[in-house]
Amino acid sequence: MGATGSIGAQALDVVARNLGLEVCALASGSQDLTALAAQHGVPHVQTGGDLASLLDAADPDVVLNAVVGFAGLPVTLWALERGVTLALANKESLVAAGELALAAHRRGGGLLLPVDSEHSALFQCLAGHSPESVHSLVLTASGGPFRGRTRAELADVTPEDALAHPTWSMGRKISVDSATLANKGLELLEAHFLFGIPFDRIEVVIHPTSTVHSLVRFRDGAALAHLGYPDMRVPISYALTYPDRAETPVAALDLAAGLTLEFSAPDLETFPLLALARRAGELGGTYPCAFNAANEVAVHAFLEGRLPFLAIAEVVEATIAEADGAAARDLDDLQEADAEARRLAERGLTLA
């Protein structure tokens, strides 16, 4: 689901290289899929609308959710409720739904395999270890295209500047999120829900080369890290072929070539969205949902040239301050919290 985006295109490349995989359905938000479906021999396709009927008809073994934003929530819940293996690239649905998604996962009892490179790395490093043995999680961030810049230097940056990511090939929304560090904030929230680790035991560090994708520290003082060249086909392949770890065209890491690993603390003053995400998570309830909704509205406005780069964080902060944040009892409550946060954010655009 989300077949025409960056993750979708790379997933189709992974499938083409694995004879044991077959695409049974494709969906996109707005693009026509006729040619893509014919190219890959896919019987079920849909553009826009409710994807539940498409998923029911396709009866998949694995659902790759690569829909962008809160719109991916129905796909996530469909797979979790039915116990269908979910390869999750849509972090926003887990961030927004939180405990509702986890409850659906418990009811369905299926596999939930993260596709984000950092969470795939954590999933692999945590395999075989008891929760009690884990000291903390460390998420790495490249720092995006504006790493090292001051707030003053970011006052006039353009969408084109923000989309020029130094290490990863990604879609427009996630590229802007990387530039603001909102993406790392969403990943912080996702890691909490995926692995049940408290927020004060999840750290984010800047690692410009994106060679180390994440680390797990254990109570005995040891740390396990997942390393590799930055290529999303690796975590996509891991999820789609789990537990076999199929071959990919990505080169093995060449340590003898002179590998340098550099880490530093994030600049939370220049990039406040990371701290705002942590705060939303600590507040709990539907505050993570409000954070995500406001960020989606603000990023969309920035990409359309209606909002300055630095005002993205201002809109999100104001929305969190005004949001009710009460816990969602059901999907209707969650959708209302999302809609209210979007209304607040839209109003904030006029004030920023």
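Treat the numbers as computed from the prediction; the structure is a model and nothing was measured.
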Compute whether any side-chain donor of one residue and acceptor of the other, for Asn292 and Lys91, lie under 3.5 angstrom apart. no
So, His300 versus Glu304: side-chain donor-acceptor pair below 3.5 Å or not? yes
Is the side chain of [X] donor-acceptor paired with the backbone N or O of [Y] at a distance under 3.5 Å, no angle test?
{"X": "His207", "Y": "Val212", "result": "yes"}
{"X": "Thr180", "Y": "Asp177", "result": "yes"}
{"X": "Asn90", "Y": "Val67", "result": "yes"}
{"X": "Asp267", "Y": "Glu269", "result": "yes"}
{"X": "Asp244", "Y": "Ala246", "result": "no"}
{"X": "His119", "Y": "Glu187", "result": "yes"}
{"X": "Asp116", "Y": "Glu118", "result": "no"}

Between [X] and [Y] (salt bridge meaning N to carboxylate O under 4.0 Å), is one present in this structure?
{"X": "Glu346", "Y": "Arg343", "value": "no"}
{"X": "Glu282", "Y": "Arg279", "value": "no"}
{"X": "Glu92", "Y": "Lys173", "value": "yes"}

What is the minimum heavy-atom distance between [X] and [Y], and which atoms define it?
{"X": "Arg149", "Y": "Val157", "answer": "NH1-CG1, 3.6 Å"}
{"X": "Phe193", "Y": "Leu102", "answer": "O-CD2, 3.4 Å"}
{"X": "Pro114", "Y": "Ser120", "answer": "O-CB, 3.6 Å"}
{"X": "Ala37", "Y": "Val45", "answer": "CB-CG1, 3.4 Å"}
{"X": "Ala275", "Y": "Leu268", "answer": "N-CD2, 4.3 Å"}
{"X": "Leu51", "Y": "Gln46", "answer": "CD2-NE2, 3.5 Å"}

Residues Leu26, Leu12; criterion side-chain contact (heavy atoms from CB on, under 4.5 Å); working and verdict: CA-CA 10 Å; Leu26 294 171; Leu12 288 171; 4.1 Å; yes
Do [X] and [Y] have side chains that approach each other closer than 4.5 Å (heavy atoms only, starting at C-beta)?
{"X": "Leu224", "Y": "His129", "value": "yes"}
{"X": "Val205", "Y": "Val138", "value": "yes"}
{"X": "Asp231", "Y": "Gln10", "value": "yes"}
{"X": "Arg342", "Y": "Glu296", "value": "yes"}
{"X": "Trp78", "Y": "Asp56", "value": "yes"}

Please determine whether side-chain contact (heavy atoms from CB on, under 4.5 Å) holds for the pair Leu261 and Leu227, giving the CA-CA distance in whole Å, both sets of side-chain angles, and the decisive distance to 0.1 Å. CA-CA 10 Å; Leu261 302 179; Leu227 287 76; 4.3 Å; yes
So that I know where these two stand, are Tyr238 and Tyr242 an aromatic pair - ring centroids less than 6.0 Å apart? yes
